[in-house]
Amino acid sequence: MLAVADEVDDGLCANVSSVRGAELILACGDLPFDYLRFLMDALDVPLAFVPGNHDADVSGWRTSRAGLPVRAGLPGDPPWPPGAVNADGAVVDVAGLRIAGLGGCLRYREGPNQYSERQQARRAHRLARRAAWRRRDGRGVDVLLTHAPPLGAGDAEDLPHRGFACLRPLARRLGVPLLLHGHVHPSGPHTADVSLGDTLVRNVVGRHLFDVPVAEEVVPRR
């Protein structure tokens with residue numbers, strides 16, 4: 001799996017052979033949609049994403065009964081690449097993985113994809129309920145995809161890059177093995193992973209290629 005966030009990788013733009021083995025792209029926000037479309041086309045694999053605070057407003061889009069994207073009841077073209085999956089506030093199955101997504105960062109100015117802690121906590125609660133509903137088929141969530149990190153787990157002290165406290169109980173409630181985020185630019189090539197209970201928290205600013213373990217099946221309650 002290829003995970004990307006925040007920084008366009010010029011090396012990939014020149015040659016994608018180093019990540020040719022990826023079967024899925026996960027994007028954690030703040031990347032030009034043209035860049036994401038290039039990666040999808042070059043690797044010929046699916047892509048799921050959540051928006052960052054520098055991305056366009058992607059809320060309000062849904063698929064009509066006719067299979068057309070609509071917003072406020074009117075058909076149109078979403079800003080993201082055709083075929084890409086917007087995982088923000090959703091639980092989606094892509095390339096054999098179950099992904100729960102929660103984009104955006106802590107509000108620090110006017111603009112889309114920014115939330116107060118209370119607003120994001122409400123979104124996290126709704127996401128957990130959706131994941132519980134989907135879990136009836138016996139499958140848990142494999143990856144929690146966010147833009148901002150959890151509070152105290154890879155975030156920074158300044159307000160724009162402070163993490164969300166609500167992501168900590170969300171990860172625990174989902175029982176997710178892996179949380180991927182961007183938003184916080186590392187001072188070196190990479191930042192160390194952080195353990196949050198049973199969840200591994202990884203900053204994927206730039207590009208990261210790795211395997212993802214599939215969550216264990218659970219017996220559905222009758």
Side-chain angles (χ1 to χ4, degrees), residues 1-7 26-31 48-55 59 87-91 97-132 135 140-213 215-216:
M1 182 190 70
L2 174 65
V4 293
D6 291 81
E7 298 177 359
L26 294 181
C28 293
D30 281 357
L31 285 170
F49 74 94
V50 293
N53 52 297
H54 296 297
D55 288 323
S59 63
D88 188 30
V91 179
L97 291 178
R98 178 156 293 177
I99 301 156
L102 205 65
C105 75
L106 197 64
R107 180 171 296 283
Y108 66 97
R109 66 174 186 181
E110 292 299 320
N113 308 317
Q114 297 180 49
Y115 306 94
S116 68
E117 178 67 46
R118 179 175 294 183
Q119 289 172 327
Q120 191 75 323
R122 286 197 293 264
R123 283 169 28 93
H125 179 69
R126 290 194 293 267
L127 181 63
R129 293 185 63 178
R130 293 187 179 103
R135 198 178 178 90
V141 173
D142 301 301
V143 181
L144 177 55
L145 196 66
T146 70
H147 179 60
L151 181 67
D155 61 343
E157 294 183 358
D158 61 306
L159 177 61
H161 297 100
R162 192 180 303 162
F164 283 113
C166 62
L167 293 180
R168 300 175 71 96
L170 175 63
R172 183 172 62 252
R173 186 173 176 182
L174 296 181
V176 65
L178 184 63
L179 186 157
L180 303 180
H181 72 87
H183 192 53
V184 181
H185 295 254
S187 55
H190 297 292
T191 57
D193 295 339
V194 178
S195 292
L196 197 63
D198 294 329
T199 300
L200 185 71
V201 179
R202 177 168 294 177
N203 184 334
V204 295
V205 168
R207 60 155 165 168
H208 295 251
L209 186 67
F210 51 89
D211 295 325
V212 177
E216 296 182 0

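Treat the numbers as computed from the prediction; the structure is a model and nothing was measured.
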- Message: For a quick test of reading the model, state the closest non-hydrogen atom pair linking T146 to C28 and the distance between them.
- Response: O-CB, 3.4 Å

- Pairwise salt bridge (charged side-chain N to carboxylate O under 4.0 Å, His left out) hits with a residue in residues 110-130, at least two apart: D88-R123

- Task: Could you pull out the closest heavy-atom pair between P150 and D155, with the gap in Å?
- Result: O-CG, 3.8 Å

- Task: Verify side chain to side chain contact (heavy atoms under 4.5 Å, CB included) between L106 and L159, making sure each step is shown before the conclusion.
- Result: CA-CA 7 Å; L106 197 64; L159 177 61; 3.5 Å; yes

- Provide the closest heavy-atom pair for H185 versus V205 in the form atom of the first, atom of the second, distance. ND1-CG1, 4.0 Å

Taking only distance into account, with no hydrogens and no angle test, what donor-acceptor pairs under 3.5 Å do side-chain atoms of residues 163-183 form with protein atoms, sequence neighbours excluded?
from, atom 1, to, atom 2, distance (Å)
R168, NH1, L151, O, 2.7
R173, NH1, H125, ND1, 3.3
H183, ND1, N53, OD1, 3.3
H183, ND1, H147, NE2, 3.0
H183, NE2, P160, O, 2.6

- Salt bridge check: are D193 and R202 linked by an N-O gap of less than 4.0 Å? yes

- Task: Give a yes or no on whether the backbone of D30 and the side-chain of E7 come within a donor-acceptor separation of less than 3.5 Å.
- Result: no

- Query: Just wondering, more than 12 heavy atoms not from D198 lying within 6.0 Å of its CG?
  - Reply: no

- Do D142 side-chain atoms and R98 backbone N/O form a donor-acceptor pair below 3.5 Å? yes

- Task: Provide the closest heavy-atom pair for A153 versus L196 in the form atom of the first, atom of the second, distance.
- Result: CB-CD1, 4.3 Å

- Message: Restricting to non-hydrogen atoms, name the atom on L26 and the atom on M1 that form the minimum distance, rounded to 0.1 Å.
- Response: CD1-SD, 3.1 Å

- Passing candidate, side-chain contact (heavy atoms from CB on, under 4.5 Å) with P149, options N203, V184, V194: V184

- Mind checking whether V91 and L127 have side chains closer than 4.5 Å, heavy atoms only? yes

- Message: Could you report the tightest heavy-atom contact between Y115 and Q120, atom names first, then the distance?
- Response: CD1-OE1, 3.6 Å

